[in-house]
2 protein chains.
Amino acid sequence: MKQTANQDKLLSEVRQIFENYLLENKLRRTPERFAILTEIYRRQDHFDADQLYDFMKQNNYHISRATVYNTLELLSKCGLIIKHQFGQHATIFEKSYGNAQHDHLICLDCSKIFEFCDPRLHQIEESMGRILKFNIERHALTLYGHCNGACDKTSKDKV
Amino acid sequence: MKQTANQDKLLSEVRQIFENYLLENKLRRTPERFAILTEIYRRQDHFDADQLYDFMKQNNYHISRATVYNTLELLSKCGLIIKHQFGQHATIFEKSYGNAQHDHLICLDCSKIFEFCDPRLHQIEESMGRILKFNIERHALTLYGHCNGACDKTSKDKV
DNA sequence: TTGTGTGCAAAAGCTTTGCATGTTG
DNA sequence: CAACATGCAAAGCTTTTGCACACAA
């Protein structure tokens, strides 16, 4: 099946990236770290640390919360996942390799998360960097709004 | 002194707005609520709940954490302060009456907060609302970057 | 007088840390 | 075999909650 072949290719690519990162930083390549990476890229879209911990447990891995948090930090540092702080709740993560950079729209009625991309953001970054004399490294834009009942048809995930 | 006169005018305006809000919602006009509003508008720029709690205590008010959180929630609902979630730390607030709407730039070196405004954001909100069929209510944009040592000269506040 | 708001302290929720054990390099 | 990662549980921090008392309406 074509889908599965793409999936396998993606998995081997991200594992390779993580392995290189660990080697370059003289960190250990433990089975726990690769298991977490693999499951994130196999399944989840937006998720928090606790959802991931539960998920690993349900799938018969024996991995502690400390390791989950530690590994999420490493994956974030090497760019394979992105951290988000939506609202006041737990930190939300999403896999980033193979995804176009995008921002988020959150429904105030049902908390579902949508993604969008707008090139004007790069222009804003550039202008503000120039004016305020900053090297802008990244941005976080979240729009909040009401879906008028349309969420159920198109949502990808929940916060 | 001109500055003081403006300050007094601002204070009486925001107290009036809060009072109207409380009356309209059949909430009580307690001394604690007005004390918190007054001190926020008299002093703080960006602050978190705990900083405000400490500040009130130092100034010989006897106000509990529960009341601080409760009042911040009310002030946020009636638009006199704005809540922010920068990074993974505590919720940050700022007074909003009399301030133009703006977004934030945070220095990754020294955590200082700068403000800016760009009209292209309204355009983005409008486009995305139309495309995704949402009524966009608000946005949160934060830029992260490096100041190249310029922060000390111009910063307003720290996270 | 009635019921909401307050203070206090305890609890809850997310994340980090300390320590003993296990495993990678 | 030495250093680092893990698991577990406890601690930390921010925020919320429960309860008795105070006070605004």
Side-chain angles (χ1 to χ4, degrees), chain A residues 15 18-37 39 46-78 81 83-93 111 158-159, chain B residues 15 18-39 46-78 81 83-93 111 159:
Chain A
R15 292 169 67 98
F18 195 30
E19 181 158 9
N20 291 343
Y21 173 81
L22 295 174
L23 286 171
E24 280 166 22
N25 292 274
K26 303 205 190 321
L27 298 166
R28 293 187 178 169
R29 289 167 291 164
T30 66
E32 289 84 0
R33 288 173 176 176
F34 284 97
I36 288 170
L37 175 63
E39 293 308 321
H46 296 92
F47 59 95
D48 65 30
D50 206 55
Q51 285 166 359
L52 179 59
Y53 172 72
D54 285 343
F55 180 75
M56 298 306 287
K57 201 157 56 177
Q58 280 166 33
N59 285 265
N60 300 316
Y61 290 97
H62 185 82
I63 296 183
S64 70
R65 275 204 174 73
T67 300
V68 167
Y69 278 98
N70 171 345
T71 304
L72 286 172
E73 193 56 39
L74 293 176
L75 291 172
S76 176
K77 276 187 186 148
C78 75
I81 62 176
K83 264 182 176 169
H84 297 290
Q85 204 68 48
F86 300 134
Q88 7 280 334
H89 305 297
T91 302
I92 302 287
F93 299 87
S111 295
K158 284 196 120 183
V159 182
Chain B
R15 290 169 67 98
F18 194 31
E19 181 158 9
N20 290 343
Y21 174 81
L22 294 174
L23 285 170
E24 280 166 22
N25 291 275
K26 302 204 193 320
L27 298 166
R28 294 188 179 169
R29 290 167 290 163
T30 65
E32 290 82 359
R33 288 174 175 176
F34 284 97
I36 288 170
L37 174 63
T38 301
E39 293 308 320
H46 295 91
F47 60 94
D48 65 31
D50 205 55
Q51 285 167 0
L52 179 59
Y53 172 71
D54 284 345
F55 178 76
M56 298 307 285
K57 202 159 53 179
Q58 280 165 32
N59 286 263
N60 301 314
Y61 290 98
H62 186 82
I63 296 183
S64 69
R65 275 202 175 73
T67 300
V68 167
Y69 278 98
N70 172 344
T71 304
L72 287 173
E73 193 57 36
L74 293 176
L75 291 173
S76 175
K77 276 186 185 148
C78 75
I81 61 175
K83 262 183 176 169
H84 296 290
Q85 205 67 50
F86 300 135
Q88 5 282 331
H89 306 299
T91 302
I92 302 287
F93 300 86
S111 295
V159 182

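Reminder, nothing fancy here: chain letters follow the sequence lines and each chain counts from 1. Every heavy atom of this structure was used, including side-chain atoms; hydrogens, water molecules and symmetry mates were not.
You'll find that the side chain of A:Ala66 is closest to C:dT17, out of D:dT14, D:dA3, C:dT17. Among the nucleotides C:dT24, C:dG7, D:dG7, the one closest to the side chain of A:Pro31 is C:dT24. Of the candidates C:dT15, D:dA5, D:dT15, D:dA5 carries the atom nearest the A:Thr30 side chain, counting heavy atoms from C-beta on. With D:dT15, C:dT6, C:dT24 as the candidates, the nucleotide lying closest to the side chain of B:Glu32 is C:dT6.
Per the geometry, CG belonging to A:Asp54 stands 14 Å off C1' belonging to C:dG13, to the nearest Å. Straight-line distance from the CG atom of B:Leu23 to the P atom of D:dA24: 14 Å, rounded to whole Å. The nearest whole Å value for the distance from the CG atom in B:Asn25 to the P atom in C:dG3 is 20 Å. For the pair B:Leu27 CG and C:dT2 P, the interatomic distance rounds to 21 Å; values are reported in whole Å. Between A:Asp48 atom CG and C:dG13 atom P there is a gap of 13 Å when expressed in whole angstrom units. Summarising the geometry, the separation between OH on B:Tyr53 and P on C:dT6 is reported as 14 Å, rounded to the nearest angstrom. Taking atom NZ on A:Lys26 and atom P on D:dA5, their separation rounds to 13 Å, with Å as the unit. Atom pair A:Glu73:CD and C:dT16:P shows a separation of 7 Å (rounding to whole Å applied).
Here the NZ-OG distance, from A:Lys83 to A:Ser76, works out to 5.0 Å after rounding to the nearest 0.5 Å. Note that the CG atom of B:Leu72 and the OG1 atom of B:Thr91 stand 9.5 Å from one another [nearest 0.5 Å].
Closest-nucleotide positions on DNA chain D for B:Ala49 and B:Arg28 were compared, and the one nearer the 5' end corresponds to B:Ala49.
Listed pair B:Arg65 / C:dG7 fails the phosphate criterion, with no side-chain N or O lying under 4.0 Å from OP1 or OP2. Contact annotation: B:Tyr69 reaches the phosphate of D:dT15 (side-chain N/O to OP1 or OP2, under 4.0 Å). Applying the 4.0 Å criterion to OP1 and OP2 of D:dC8, one finds that A:His62 has a side-chain N or O inside that range. Put simply, B:Asn70 has a side-chain N or O that comes within less than 4.0 Å of OP1 or OP2 on C:dT6. Close to D:dA5, at under 4.0 Å from its OP1 or OP2, lies a side-chain N or O of A:Arg33. One finds no side-chain N or O of B:Thr91 lying less than 4.0 angstrom from the OP1 or OP2 phosphate oxygen of D:dT14. In this structure, B:Ser64 does not reach the C:dT6 phosphate: none of its side-chain N or O atoms is under 4.0 Å from OP1 or OP2.
Remark: the backbone N or O of B:Tyr21 is paired with a side-chain donor or acceptor of B:Asn25 at under 3.5 angstrom. Panel note: side chain A:Gln51, backbone A:Asp48; a donor-acceptor pair is recorded below 3.5 Å.
Using a cutoff of 4.0 Å between basic side-chain nitrogens and carboxylate oxygens, B:Glu19 and B:Arg33 are not scored as salt-bridged.
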